[in-house]
Amino acid sequence: MSIELVLPDGTVTCHKEGVTGLAIAGSIGPRLADAAIAVSVDEELMDLNRPIYSGGQFAVITQGSESGRDILRHSAAHVMAQAVLNLFEGATFAIGPAITDGFYYDFDLDRPFTPEDLEEIEREMDRIIAEDQPFEREEMSREVGLELFRDHPYKLEIIRSVDDTEVDSGDIISVYRNHEFVDLCRGPHLPSTGRLKAYKLTRTAGAYWRGDEKRPQLQRIYGTAWESRKALRTHLHRIEEAARRDHRKLGRELDLFSFPEDLGPGLVVWHPKGGMLRRLVEDYSRRVHQDFGFDFVFSPHLAKAGLWQTSGHLDFYAENMYPALDMDQDEEYRVKPMNCPFHVLIYRSDARSYRDLPIRLSELGSVYRYERSGVVHGLLRARGFTQDDSHTFCTRQQLPNELQLHLDFVLQLLRDFGFKDFRSELATRPEEKWVGEPELWELAEQSLAEALETAGIPLRIAAGEGAFYGPKIDVHVEDAIGRGWQMSTIQVDFSLPERFGLEYVTSEDTRERPVMIHAAKFGSVERFLGVLIEHYAGAMPIWLSPVQATIVPVADRHVEYALEIADQLRGEGLRVETTVGPGKLGEKIRRAITQKVPAILVVGDQDVENGTVGLRLRSQKGERRGVPREEAVSDLLSAAQPPH
RNA sequence: GCCGGAGUAGCUCAGGGGUAGAGCAGCUCACUCGUAAUGAGCAGGCCAGGGGUUCGAAUCCCCUCUCCGGCUCCA
């Protein structure tokens with residue numbers, strides 16, 4: 001019997017049944033065979049040496065590809081587990097997948113791993129790799145598997161939970177064996193351990209079995225593995241680069257903000273430079289909200305517990321809320337974790353007609369959420385933060401247009417701050433618990449999907465992952481070093497209008513419920529600034545720089561001229577500082593550069609005489625001498641224009 | 001909250017049972033200088049907080065707090 005395999009370029013090839021992926025790769029080209037890690041037939045990944053019995057779409061998975069790396073990392077995880085079981089008496093192993101940029105494996109043993117343990121494990125891994133042990137796939141019945149792993153309770157649990165449909169023939173599980181080591185595994189794997197060229201164990205951590213804190217805590221070891229030493233080095237450099245950009249470090253170095261211990265975890269104070277940066281971002285937000293037809297409202301930080309009862313937050317959000325405050329007798333108050341109930345009350349403060357809709361209420365609203373002590377992380381995860389929040393109330397007919405408008409808004413905003421690559425996630429109606437009408441859900445989901453398609457934003461549909469009260473989209477950006485961040489969120493809500501009994505009068509003089517759209521464009525102002533600082537590595541675009549230009553006089557006799565130029569720039573609305581006082585020229589310039597000031601103007605004898613400046617811009621290499629003063633001013637002014 | 005690591009001057013870090021050190025930053029003085037650190041001097045610490053062991057604790061032990069890396073959750 002022969003089988004037909006279709007190559008990615010459309011070529012149809014014929015092979016004997018039972019041919020291996022490696023043989024096919026070899027028949028295409030020897031270099032391909034060298035780079036091959038696995039193959040796929042109709043999307044099903046298979047080991048290189050596994051016989052193929054059915055035809056279909058055929059592809060070779062090579063080592064530099066993402067799925068090739070996944071396989072490599074998964075094999076690295078196996079080798080690490082093998083090393084750990086060899087070295088640690090009584091250790092048992094749980095689960096060890098490939099993850100973004102690396103892999104981990106969870107173990108249960110009577111003590112945590114130490115940094116020295118990692119070195120020893122690496123040595124044992126090196127030995128296993130040097131032996132070039134082949135990975136051999138073996139299939140067996142569930143019963144045989146249960147017997148094989150009788151000493152490893154986590155494996156038993158996995159075997160019992162394996163879905164019948166996962167392996168074609170129902171009751172069959174697969175394991176991979178290399179020398180003395182055997183692990184339950186779907187595969188595929190590298191042909192042999194010797195193919196692991198570059199890996200590194202990076203850190204240890206505690207992790208709950210199946211991510212459930214009620215279950216045993218295991219000891220996790222993280223590692224990373226790459227197809228070459230060079231790729232590994234590049235990755236380690238990227239990690240260093242990320243550390244260099246850490247907004248907490250830059251926040252201190254650039255004197256933007258701090259987290260004083262006396263305040264408490266997750267609470268930030270903004271220093272003058274950071275305050276300026278934040279104000280610029282917020283001013284931008286207000287401007288664009290106005291452009292898009294939003295109205296501005298304000299609300300307090302507290303409300304009676306009853307409001308949170310009506311809104312439902314005390315039912316499904318209580319664990320993130322701060323405990324009740326006793327203010328007046330018998331009356332409890334709660335600090336707000338969200339702004340929506342306040343905006344709902346504003347809507348409800350008057351009888352609304354269809355002529356009033358849509359009503360778009362916006363607020364830079366500070367909220368407080370109780371985050372567990374282990375999760376706070378600088379500006380990215382704080383306990384007190386400010387949302388550029390809005391709540392739009394519209395008719396169901398207006399919903400598609402409104403969603404389009406919100407998405408346009410979000411994309412303009414993210415683009416204006418220098419983000420170029422977006423993707424988005426659409427969370428649709430959950431299977432079980434949900435409110436509203438199915439047609440409305442569908443309309444909302446469709447409008448969101450269409451809006452994203454029109455905008456050309458890659459979309460992942462998270463089927464059934466929506467909240468019970470409505471579908472939502474999250475917009476993620478990719479930063480300058482390729483990390484993804486979730487920023488904006490647009491959320492449709494069929495529940496709150498119901499809970500608060502919101503209505504409007506239609507043109508037929510009947511009553512209808514409005515639909516509500518929650519939208520946070522930055523997500524949180526703090527978090528957005530944190531991401532922005534990391535994206536730009538602290539070197540903000542000139543329109544956002546707290547100090548846009550530093551004027552440096554060469555000697556004391558040039559101070560007067562320097563101040564004159566500073567005044568002129570300030571008069572044009574630029575943010576300028578002048579370095580008078582002691583210190584050499586080089587030192588002052590160095591300071592301005594390390595403080596990431598985008599423009600440095602040096603003035604000396606020749607400049608005073610000719611009415612010029614020396615201009616050093618962050619965006620250009622080196623400096624320009626003798627630039628006419630007016631030219632420098634107008635250059636700076638045009639460079640400092642905000643995008644909107 | 002849980003697991004690991006760590007808290008020494010404003011910052012970055014050394015020291016590790018015998019009464020605290022460096023570099024940078026700060027202050028003073030001198031130098032007045034043309035594009036990434038001039039030199040000298042001065043000042044600065046309840047060694048996170050509390051308890052214990054000891055003749056003696058920054059150092060060893062216990063508890064608490066905070067930070068870092070994860071788990072979980074999310075903006």
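No hydrogens, no waters, no symmetry mates; every other heavy atom, side chains included, goes into these values. Every chain is numbered from 1, with letters handed out A, B, ... down the list of sequences. Please read all numbers here as calculations on a predicted model, not as lab measurements.
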Review point. On a whole-Å scale, what distance lies between the P atoms belonging to B:A9 and B:G49?
Key: 10 Å

Practice item. Round to the nearest Å and state the distance from A:Leu617 atom CG to B:U35 atom C1'. Key: 13 Å

Point to revise | First encountered from the 5' end of RNA chain B, between A:Gly264 and A:Phe113 | key: A:Phe113

Review point. Should the pair A:Trp226 and A:His235 be assigned to parallel (<30°), tilted (30 to 60°) or perpendicular (>60°) ring geometry?
Key: tilted

**Study point:** Separation of atom CG in A:Asp108 from atom P in B:G4, rounded to whole Å
**Key:** 13 Å

Exercise for review: Look at all strands and tell whether A:Glu253 reaches a base, only sugar-phosphate, or nothing, counting heavy atoms closer than 4.0 Å.
Suggested key: nothing

Practice item. To the nearest Å, give me how far apart CG (A:Leu263) and P (B:A48) are. Key: 21 Å

Check your understanding: Pick from A:Trp485, A:Phe522, A:Phe385, A:Tyr284: which one makes a ring pair (Phe, Tyr, Trp, His ring centres under 6.0 Å) with A:Phe528?
Key -> A:Phe522

**Study point:** Whole-Å gap separating C1' (B:C11) and CD (A:Gln595)
**Key:** 12 Å

Exercise for review: Please report, rounded to the nearest Å, how far the C1' atom of B:C3 is from the CG atom of A:Leu109.
Suggested key: 12 Å

Practice item. Over 60° means perpendicular and under 30° means parallel, so classify the ring planes of A:Phe292 and A:Phe409, tilted if in between. Key: parallel

Check your understanding: For A:Cys340 and A:Met516, which heavy atoms make the closest approach, and how far apart are they?
Key -> CB-CE, 3.9 Å

Revision key, fill the gap. Among the nucleotides B:C3, B:U35, B:A37, whichever has the atom closest to the side chain of A:Arg590 is B:A37

Review point. What does B:G34 pair with, Watson-Crick or G-U, if both distances are under 3.5 Å?
Key: none

**Study point:** Nearest-Å distance for atom pair NZ/P, residues A:Lys596 and B:A36
**Key:** 16 Å

Review point. Between atom CD1 in A:Ile221 and atom P in B:C3, what is the gap in whole Å?
Key: 18 Å

Please produce a list of atom pairs where a protein N or O lies less than 3.5 Å from an N or O of nucleotides 24-29 of chain B.
residue : atom : partner  : partner atom : Å
B:G26   : OP1  : A:Arg591 : NH1          : 3.4

Practice item. Please report the shortest heavy-atom distance between A:Phe107 and A:Ile221, naming the atom on each side. Key: CE1-CD1, 4.1 Å

Review point. Taking the six-membered ring for Trp, are A:Trp308 and A:His313 parallel (under 30°), tilted (30 to 60°) or perpendicular (over 60°)?
Key: perpendicular

Review point. Is there a Watson-Crick or G-U wobble partner for B:U72 with both distances under 3.5 Å, and if so, which one is it?
Key: none

Exercise for review: Identify, between A:Tyr370 and A:Thr594, the residue whose nearest nucleotide on RNA chain B lies closer to the 5' end.
Suggested key: A:Tyr370

Practice item. Write down the distance separating the C1' atoms in B:U32 and B:A48, rounded off to the nearest Å. Key: 45 Å

Study note, to complete from the structure: So CD1 of A:Ile533 and CE of A:Met540: to nearest 0.5 Å the spacing works out to 6.0 Å

Practice item. Find the partner of B:G23: check Watson-Crick (N1-N3 plus N6-O4 or O6-N4) and G-U wobble (N1-O2, O6-N3) distances, both under 3.5 Å, and reply none if neither fits. Key: B:C11

Practice item. Provide the distance between the two C1' atoms, one in B:C62 and one in B:U54, to the nearest whole Å. Key: 16 Å

**Study point:** Whole angstrom value for the distance that separates P of B:C33 from CG of A:Leu585
**Key:** 11 Å

Review point. Could one point to a donor on the side chain of A:Asp607 or the base of B:G34 with an acceptor on the other under 3.5 Å away?
Key: yes

Practice item. May I ask you to check if A:Arg215 and A:Tyr208 form a cation-pi contact, with NZ or CZ under 6.0 angstrom from the six-membered ring centre and within 45° of the axis? Key: no

Check your understanding: Is there side-chain contact between A:His301 and A:Ser366, with at least one heavy-atom pair below 4.5 Å?
Key -> yes

Check your understanding: Can you say whether the rings of A:Tyr105 and A:His78 are parallel (under 30°), tilted (30 to 60°) or perpendicular (over 60°)?
Key -> perpendicular

Practice item. Using the C1' atom as the reference point in each nucleotide, state the distance between B:G21 and B:U59 in Å, no decimals. Key: 15 Å

**Study point:** C1' gap between B:G44 and B:C27, integer Å
**Key:** 10 Å

Exercise for review: Quick one: look up who B:G39 pairs with, Watson-Crick or G-U, both distances under 3.5 Å, and put none if it's unpaired.
Suggested key: B:C29

Point to revise | Rounded distance in Å between the P positions of B:G39 and B:G50 | key: 40 Å

Review point. Is there a Watson-Crick or G-U wobble partner for B:A6 with both distances under 3.5 Å, and which nucleotide is it?
Key: B:U66

Check your understanding: Rounding to the closest angstrom, what is the interatomic distance between B:A20 and B:U8 at atom C1'?
Key -> 9 Å

Practice item. Examine B:A36: is either OP1 or OP2 under 4.0 Å from a nitrogen or oxygen in the side chain of A:Arg616? Give yes or no. Key: yes

Review point. Hey, are A:Lys420 and A:Glu478 close enough for a salt bridge, meaning a charged N less than 4.0 Å from a carboxylate O?
Key: no

Review point. Distance between the P atoms of B:U72 and B:C13, in whole angstroms?
Key: 29 Å

Practice item. Just name whichever nucleotide pairs with B:C55, Watson-Crick or G-U, keeping both distances under 3.5 Å, else none. Key: B:G18

**Study point:** Side-chain ion pair, A:Asp607 and A:Arg629, N-O less than 4.0 Å
**Key:** no

Practice item. For each nucleotide in nucleotides 70-75 of chain B, reading 5' to 3', give B when a protein heavy atom comes within less than 4.0 Å of its base, S when such contact involves only the sugar-phosphate, and - otherwise. Key: BBBBBB

